[in-house]
Amino acid sequence: MTSHEALMEALERLVAALRSVDMWRVEEPPAAAFDSQQPFCVDTMELPQWLRYVFVARLETLAETEAPLPATCSVAPAIDTWLKEASPSVRRVVTEAVAEVDRIVTEA
């Protein structure tokens, strides 16, 4: 299995995890929100919006087109911090799914 195929499978598991904790059904941010210069678009989007419309969408495009992947990916620590108020099960499910994506991208 290629790294791009592994990434697509990991992204599918991430989407399933987000759906299972009701973090997938979020409103699409306005176009201007994507112009943010802040990490994770913290000034223009909620984290679930960023995960769906930036993180997953961009990585899916890279995987589908077999484009070069980023040299490193370390999003799981930020997700874990953002979810500190969530239930332990929600925090674990989402953070583990993002960590898998991080690992695949970084090891590619």
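Residue numbers start at 1 and run along the sequence shown. Excluded from the calculations below are hydrogen atoms, water molecules and symmetry mates; all remaining heavy atoms, backbone and side chain alike, are included.
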Which heavy atom in Ser20 sits nearest to a heavy atom in Val93, and how many Å separate them?
OG-CG1, 4.1 Å
Heavy-atom side-chain proximity of Ser87 to Val90 below 4.5 angstrom
yes
Side chains of Ser74 and Asp102 only: does a donor on one sit below 3.5 Å from an acceptor on the other?
no
Any side-chain heavy atom of Leu18 sitting closer than 4.5 Å to one from Pro48?
no
Go through the steps for Phe40 and Met45 under the test side chain to side chain contact (heavy atoms under 4.5 Å, CB included), then give the verdict.
CA-CA 8 Å; Phe40 309 104; Met45 296 182 198; over 6 Å; no
Any chance you could lay out the side chain to side chain contact (heavy atoms under 4.5 Å, CB included) test for Leu14 and Glu100, step after step, and finish with the verdict?
CA-CA 9 Å; Leu14 173 56; Glu100 181 185 13; over 6 Å; no
Inter-residue atom distance Asp35.CG - Cys41.SG, 0.5 Å rounding:
9.0 Å
Would you check if the side chain of Glu64 reaches a backbone N or O of Leu62 as a donor-acceptor pair within less than 3.5 Å?
no
Restricting to non-hydrogen atoms, name the atom on Ser3 and the atom on Ile104 that form the minimum distance, rounded to 0.1 Å.
O-CG2, 3.9 Å
Is it true that, when you exclude Glu46 itself, more than 12 heavy atoms of the residues, nucleotides or ligands shown sit nearer than 6.0 Å to its CD?
no
Could you please spell out the steps behind the side chain to side chain contact (heavy atoms under 4.5 Å, CB included) verdict for Ile79 and Leu51?
CA-CA 9 Å; Ile79 301 302; Leu51 278 170; 3.8 Å; yes
Which atom names give the shortest non-hydrogen contact between Glu9 and Met1, and what distance separates them?
OE2-CE, 3.2 Å
Which pair of heavy atoms, one from Arg25 and one from Arg52, lies closest together, and at what distance?
CA-NH1, 4.3 Å
Flag side-chain contact, heavy atom, 4.5 Å: Val101 against Leu59
yes
Distance-only, no hydrogens or angles: does the Glu5 side chain make a donor-acceptor pair with backbone N or O of Thr2 under 3.5 Å?
yes
In this structure, CG of Leu11 is separated from CZ of Phe55 (nearest 0.5 Å) by 7.0 Å
Taking Arg19 for its side chain and Trp24 for its backbone only, find out whether a donor-acceptor pair lies under 3.5 Å.
no
Using a 6.0 Å cut-off, check whether atom CD of Glu27 has over 12 heavy atoms from anything other than its own residue.
no
Working note: Leu69 + Leu7, criterion side chain to side chain contact (heavy atoms under 4.5 Å, CB included); need CA distance, chi angles, decisive distance, verdict.
CA-CA 10 Å; Leu69 299 176; Leu7 177 58; 3.7 Å; yes
Above 12 or not: heavy atoms from other molecules or residues under 6.0 Å from CZ of Arg13?
yes
Looking at Thr44 and Ser36, would you say the former's side chain and the latter's main chain have a donor-acceptor pair under 3.5 Å?
no
Please check this pair: side chain of Tyr53 against backbone of Phe34, looking for a donor-acceptor N/O pair closer than 3.5 Å.
no
Is a side-chain N or O of His4 found less than 3.5 angstrom from the main chain of Ala67, in a donor-acceptor match?
yes
If every non-hydrogen atom of Cys73 is compared with every non-hydrogen atom of Thr106, which pair is closest and at what distance?
N-OG1, 3.0 Å
